[in-house]
K.L.:
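Got a structure for you, written out below as C-alpha cells; questions coming shortly.
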Amino acid sequence: MLMSVLFANSSGNVLLERFHSVPGEERLHWRSFLVKLGTDNLNGARDDELFVASHKSVYIVYTVIGDIWVFTVGKDEYDELTLVEVLHAITSSVKDICKKAPSERVFLDKYGKVCLGLDEIFSQGILEHTDKDRVRRLTRLRPLVE
Amino acid sequence: MLHQQAEDGHVLRYAYYFLARILGEGDTQSISAGGGIPTPNWDALADLSSIGGITRADVLPRIIAQLTKEAENPDVSVHPRRVAALKALTCTPMSNTDIVSKLYEIVFGILDKVADAGKVRKKKGMFGRQSVDKESALRSNLQYVALSALRRLPLDQGNPAFLHRAVQGIACADPVGVRHALAMVSEMAVRDPYGVAMAVGKLSLAGGALQEVLHIQDVMSRMYLARLCYILSRARGIDERMDLRSQFTTLLYQLLLDPSERVCFEAITCILGKFDSHESSEERAAGWALLTSAILKFPDPSAQPSKDSSATQGSDGSTASNDSVAKFPKDRPAPRPRRPQPLIRLVMRRLESALRSHLRPVLHAAMRIVQEIGKSRAAAFALGMVINEDSVPENLIENGDIIKADSEVDGGDPAAEVSRTKVVPLPSSLAANSRESIASMLSNLVEGVRTTVACECFYVRAAAIKAMMWMQSPEESVEELKSTIAGELSDPLWPASLLNEILLTLHARFKATPEMAIILLDVSRLFATKAPGKIDSDVLQLLWKTCLIGCGPSGKHTALEAVTVVLDLPPPAPDALEVSVLKDHSSTSDPKAAVALQRLTQAAVWFLGENANYAAAEYAWESKTPPGTALMMLDGDKMVAAASSRNPTLAGALTRLQRCAFSGSWEVRIVAAQALITIAIRSGEPYRLQVYEFLRALAKGGVQEKLKEAYVSNGEDQGASGTGLSSIIAPMLQVLDEMYKAQDQLIKDMRQHDNAKQEWSDDELRRLYENHERLLDLVSLFCFVPRSKYLPLGPTSAGLLNIYRNRHHIDATTGFNDPAVATGIADLQVSTVTRIEYPPIQIDAAVPSPSDGLVDGIWSSNLAGVDRVNAYLGGVGTDAPEVEDDTATTRASVSYDDMWAKTLLEASDGEDADEQLSGSSSPESTASFETSVSSQFGSSRYPSLFGNTTSFGQNTRWEEEHRPGTRFGKFSGELTSLAEDQPSYVESSPANAPLHGTHWQSGIGNQEPLHSPSSEVPSRPSDVQYPEEARAGKALYEFTAGGDDELNLTAGEDLEIEYEVDGWYFVRKKRPGRDGKLSGLVPVLYVTS
C-alpha cells in the first residue's frame, strides 16, 4: 500500500500531498514527521540522492529534486525498494513535465500537469505506470500504444 | 458536460481528473485522497446558488451515468476517453454497490472481448510490442485498463470468471496489466491455493506466461510472481502434482538471480518462510533449512524443454532438487551451461553485493533481509533443527542423493563425509572461494553488516544493529555486538524512538530463543547504562520481565542483576552535560536525562520488588525454611548470613532495595519502601523479619545509635534525620505488626488448647478465621498474594482454618466475599464436595499443588520457553507472581502514583476492612484503631496502639498484653511494670515477647510449634524465645546504659542471662538497680557466665 506521496519546498511547506488509507488525524503527524526528516537530512543533499527511514513497518523513501522535496511512504509490498521505483517514476515524470529539476516556481506553474502525472503514476495506493513516456501520453489523453 | 465538446486532450484529461476526485471524495472524507487542488465543495455551492440548486447529490448520478456511457463505448476513436472514464469510475467508493456491480459488468464486458481475442496474438504482443498492429495495441490497452479496474474492485473469491480473467491477464501484453493480474492472482492464491495452482498450472510450464514474466521489465510484476510461486509451491492441495510444485519452486529460485534487488529480496523472504505477518516459527525454521540445503539447478540448454520431461523429472519427490527447465530468453545468445548453485551461496553473494551499494534504501533493505535470515535461523535453533553450518554447500550439488541426508541429519553423517571426498575441485579460480562453509559465509555476511553500521543514516544503522542482533547465535561471543552497540549508543544524536525500536527487537529476539536471555539482558544493560535518558522504561521493563520469565531457574539471578545495574547508574554528571552541550545543543538536556533516569530507576525498583520473589523462588506459602531454622538466626548478622547463603538472589535484591530506600530521590525511596513491603509480605522468614527490622529503623531515623548498630553491615550513612518515609512506612509496619502479633496469639491459643486437651470451639474458630481474613485483606492492599494459599497467621493455622471452612462451606478463594457465606446460606449446604484446602502444614514436603500458578520450576519442565512467553505476551496469563500486568504497559510513573495514593489511603481502607470483617470487635477497639491511625505518622509509639485493634478485641487479656513497645521503642515504662517478673503466663510472656527483638519472635511463632508441639510449660507459651533455662552470670565491670533498652551494671552484680543477641546479653537482675530497671541489654564482654 502506497500510503502517501508528499511534495514540500525547501523550507518545509507542503506543496502537494496524496494520502491513501491514512485517517485525517494521522496525516498531521505524517506531515510533520516527513518535514522534520527533510529538514534534518535534505539540506545540502544532491539531486536524486535517496534517503530512507522507517517507522515500525512503514517505510519512507525521500529525495530532493531542484528545490522540491519528495517523500513517499509505503508499507507491505511497498517497501523501501519499491518506493525507490515509485520515487523514480515520480521524479522522472516531474522533471519531464518541468523540463528540468524544478524550482518551486516552475513546479507551481506546472502544478496541474504534475497532478495529472501523479494521477497516472499511482492511484488509490496502487502504483500504475512507471514509464514517463506512458505517463505523458496518458496525461494528454492519447492511447498508450499507437 | 464540458468535456463532450472539448478537443484538447489535456483539458479533457483535467476534466476526468476532477470528476474522479469528485467521485472519490464521497462520504468517507477522511480516507479518500486528500490535499492537492481542492475540489469544489458542492454542498456549499448549492447553498450559494440556490437558483441553480446544484448539489453533489445531484451531480453524482449524472457524472456516473456519463462516465459509464463513455466506458462502455466501443468506438475506437474515443478509446483514450474510454480508458480515462473507466479509471475515473473506479475512484468511486466501493461502498456503492450499484456502481460496483456496474463496474464488474463493464470490466468483464471488456475482458470478454479483449482477452479471448488476444490469445491468438499473445506471442506477438509479448516479444514484438513495438511492431504490433493497432488493433492488438488497443486490445492490450483495454485489457490493461480492465485489469487495473478489476484490481480496485473487491476480490470476488468464489467467482471462477474472476479467477479466469485474472489468470488470463498474466499473459497480457501490457506489463502493468500483468502486474495487476499477478497481484490479484497471488491474493486469491492465499485463500485458495489449490484452485489457483490448477488455474495457473498451465502457464507455469516451460514457455508459459509465468516464465515470460521473468523477463518483463516491470519490477513489481516479478515481485508478485515471486509471491505467487511461493504460495503455490507450498499449497497443500497440490501434493499429487509434484511437477507443478517443482515448476513453482524453480521459478521462485530463479527469481533469486533477478537483476532487481526488490525481486531478489522478495524471493529470499519467501524462501525463508516469511510471507506476511502471521508466519509460524515452523515455517521459518523450514525456510532456513531450505535455504541452506536447496539447489538451483539450471536447465541443460542443449535439451529442448518439453512438457513431458519436466513433468516426470519433477515427480522425484524432492522440492529442493528438481530438474525442471526454464526457458531462456531468446535475445540471449546460446547460454553457457551453468553450474547448479546452492541457494545459500546465491543469497549470500547477492546480499554482500547489496551491502556494497551506496544507495541507502538498498542497504536498508539488505539489512532487513539479514534480519529475516536471522529470524529464520533463530526459529530453526529454537525448534531444535540441526543444520550443520560447517557443511560446504557444494557438496550437495555433487550428489543429489545426499541432499536430504545432509539437511536433515547432522553433518557427521557418513554419507555426507563420503560425498565430501567425492567433490571434484572446481576448475575455475573461484574454486577456493566457493569452498566456503555456510558458517563462514554467514560470518562474512555479519562482517558486512558490521561495516554498514558506519552508514551515516540512523535508520540504516538501526537496521544493521537489529540484523546483528538477529544473527547473533547463542554460542557465539557477544562481545562484538556489545562493543558495536556501545559505540553506537555513545552517539548523542540517536533518536529515542529508534533506540526503543532496537530494544523491542531485542525483545523479539528473546522471544525467538529464550535461552539467549542472559546475553540479551547483557545487551539491554548497555542501553540502560549508555542512554538511560532515551530509553522508555516501559520497553525496558517489558524486556526484563519477559527475560525473567523465560530465562529459566538458573538465569533468574542474572536477570535480576541486569535490572539492578540500573540502580547503580550514577546520575548524569555535570561534565557530561558540558560535553554534550559543546557537541550539540539539541541533544537531550541534563534535567531531561535526569528525569528519565529517575523514571528508569523507579521502574527498576518497582520491578525488583514485584518480581524478586519470583526470581528467587521464595514464597511465604511454600517456604523452604526447615522448621526451627529461625531459632538459629537469633543474631542479626547470622540471620543476614543465613539468608544470603540460602537465597542469594533475594538477599541481593533486598540489599539493593534497602540501599535505594536510603539514598536516591524521594520518588525512588517511596517505590523502594513499597517494593520492600511487597517482598516482606511474600517471603518467608527470615526475609520478612529482615525487612521488618529495616523498615522499623527507617521509620525511626532519629534513633541514631540503633540505626548504626543495626545497619552497620550496609555501610550506609543514613544521615541525621531519618529518611522522611515514616508516614509511608507506618502502615506497612502496621500490617507486619498485626501479622506477627496474630501469629503469636495463635500459638498461644493453640498451646492453651493443647494443654487443656480442649477442642477449639466454633466461636473460637470463627474468630480465628475472621482474623485470618482481615489480615489477608490488609496484606492485599499492599501487593497481590494468592488468597487461597496465603496464611498470614502462619502455616500452623492451616489446619484450624480448614476445619472452620469445611464446617461452614467457605471457599478459600472467596472467603467472606462469597455472598453465600456472608448471608449464612453456605452453612445450610449439606455438601460433601471437597473444598480447596490450604496446603498441608508439612512445609518440608514442598510439593507444590499443580494449580499453583506461582510455583517456580515451570521452566525446568518440558514446556518450551517460546510457548510460555508467547502465551504470556498473548495475554493468556503468566506464571509471574504479579497480577498487575497492566502496570507494566502503562506509564510506570502513573502506576507509582497510584500505588502511592493507595498507601496513603491504606489506613482508612484498613479500618474499613477491619470494621467490615471483625464484626465482633468492640467499639472500644475500633476507637483505638482510629487513634492509632491518627497518631501513627511519625509516632514511635504507634505499635502499642495497634495491639488493641484485632478481632481478638473482646479478649481483654490480649489488649493488655500487646501494649509493649519494641526493642527500639521507649519501653522503660513497660519494663518497670514488669519488674516483678511474675510467673503467670498471662502477664509475663506476651509482655516480654516484643521486647526480645522483633526479628525473631515471630519466626519462632511460625516454626516452634512444629518443632515441639506440646510444650512443657503451659503458662509460658511465648516463652519459647528463651533458652530452656536462664544461665547465671556475674557483671565483671561497671557498665552505664547507653540507651533505653540497655541496663546499668555494677561490677560483681549477680545476673540471669536470658539470651544473647548480636554481641549483647539480655540479662535480668535479681533486684532493680539504682535506675529502677530490672532487665536490659549489656555487652557480652561485661558479663561472665
Side-chain angles (χ1 to χ4, degrees), chain A residues 4 6 14 16-27 31 40-41 49-57 59-61 76-85 87 111-116 118-120 123-131 134 137-146, chain B residues 9-10 12-14 16-17 20 24 29-31 33-37 79-81 83-84 87 90-91 129 132 134 137-138 140-141 144 148 151-152 174 176 179-180 183 218-220 223-224 227 260-262 265-266 276-277 359-365 368 457-460 462-463 497 501:
Chain A
S4 172
L6 186 141
V14 176
L16 173 60
E17 60 177 13
R18 291 287 181 273
F19 283 107
H20 184 72
S21 291
V22 181
E25 60 272 25
E26 279 183 31
R27 294 181 187 185
R31 258 172 232 139
D40 289 348
N41 300 304
E49 186 180 358
L50 291 168
F51 291 83
V52 70
S54 66
H55 182 261
K56 298 196 175 115
S57 58
Y59 307 99
I60 301 138
V61 176
D76 300 335
E77 66 261 46
Y78 288 84
D79 69 357
E80 58 282 76
L81 292 176
T82 316
L83 289 180
V84 170
E85 301 278 325
L87 198 59
Y111 195 90
K113 282 188 181 174
V114 172
C115 284
L116 289 188
L118 289 185
D119 194 43
E120 296 296 350
S123 74
Q124 291 168 295
I126 298 174
L127 179 70
E128 286 285 335
H129 301 281
T130 46
D131 182 15
R134 286 170 70 117
R137 281 180 162 280
L138 286 167
T139 53
R140 290 176 187 165
L141 216 59
R142 309 244 301 272
L144 269 180
V145 187
E146 280 177 319
Chain B
H10 242 116
L12 270 179
R13 183 67 187 82
Y14 276 122
Y16 285 112
Y17 173 74
Q29 189 80 33
S30 58
I31 304 179
I37 298 174
H79 167 73
R81 290 176 62 168
V83 170
K87 185 178 155 79
T90 55
C91 290
R129 213 181 307 135
V132 287
K134 195 168 180 187
L138 273 181
S140 81
N141 219 334
Y144 148 69
S148 165
R151 189 174 174 202
R152 282 166 178 76
D174 190 298
V176 186
R179 182 207 302 163
H180 289 318
D218 192 68
V219 171
M220 288 197 74
M223 186 204 82
Y224 284 121
R227 278 193 181 194
S260 161
E261 270 94 7
R262 179 69 189 89
F265 288 172
E266 182 74 24
D276 45 18
S277 50
L359 287 175
R360 294 184 191 93
V362 174
L363 283 175
H364 193 264
R368 272 198 310 119
C457 172
F458 280 111
Y459 290 93
V460 174
S497 61
E501 256 183 51

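So that the names make sense, note that chain A is the first sequence line, chain B the second, and so on, each numbered from 1. Note that this is a predicted model, so its numbers are computed, not measured. Any value given below was found using the heavy atoms of this structure, including those in side chains, with hydrogens, waters and symmetry copies removed.
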K.L.:
Could you measure the distance from the CD atom of A:E120 to the OH atom of B:Y17? Nearest 0.5 Å is fine.
P.N.:
11.0 Å
K.L.:
Taking atom NE2 of A:H129 and atom OG of B:S148, what is their separation to the nearest 0.5 Å?
P.N.:
7.0 Å
K.L.:
If you count heavy-atom pairs under 4.5 Å between each of B:R152, B:R151, B:E501 and chain A, which one has the most?
P.N.:
B:R152
K.L.:
Could you tell me the separation between the CG atom of A:D119 and the OH atom of B:Y16, rounded to the nearest 0.5 Å?
P.N.:
13.5 Å
K.L.:
Could you tell me whether the side chain of A:R140 and the main chain of B:R13 form a donor-acceptor pair under 3.5 Å?
P.N.:
no
K.L.:
Which atoms of A:E26 come close to chain B, meaning under 4.5 Å heavy atom to heavy atom: side chain ones, backbone ones, both, or neither?
P.N.:
neither
K.L.:
For A:E85 and B:R262, indicate whether the former's side chain and the latter's backbone hold a donor-acceptor pair under 3.5 Å.
P.N.:
no
K.L.:
Side chains of A:V84 and B:E261: does their closest heavy-atom pair fall under 4.5 Å?
P.N.:
no
K.L.:
Rounded to the nearest 0.5 Å, what separates atom CG in B:D174 from atom CZ in A:R134?
P.N.:
4.0 Å
K.L.:
Could you report the tightest heavy-atom contact between A:T82 and B:M223, atom names first, then the distance?
P.N.:
OG1-SD, 4.5 Å
K.L.:
For B:V362, does its backbone N or O pair with a side-chain atom of A:E80 as donor and acceptor, under 3.5 Å?
P.N.:
no
K.L.:
Just by distance, do the side chain of B:K87 and the backbone of A:S123 share a donor-acceptor pair under 3.5 Å?
P.N.:
no
K.L.:
Considering only heavy atoms from C-beta outward, does the side chain of A:N41 approach that of B:R360 to under 4.5 Å?
P.N.:
no
K.L.:
I'd like to know if the side chain of B:H180 pairs up with that of A:E128 as donor and acceptor (distance under 3.5 Å, no hydrogens or angles considered).
P.N.:
yes
K.L.:
What are the two closest non-hydrogen atoms of A:Q124 and B:C91, and how far apart are they?
P.N.:
NE2-CA, 3.8 Å
K.L.:
Would you mind checking which part of A:L6 comes under 4.5 Å of any heavy atom in chain B, side chain (CB onward), backbone (N, CA, C, O), both or neither?
P.N.:
neither
K.L.:
When rounded to the nearest 0.5 angstrom, what is the spacing between CE in B:M220 and CG in A:L81?
P.N.:
11.0 Å
K.L.:
Is B:R368 reaching over with its side chain to a backbone N or O of A:D79, donor-acceptor style, under 3.5 angstrom?
P.N.:
no
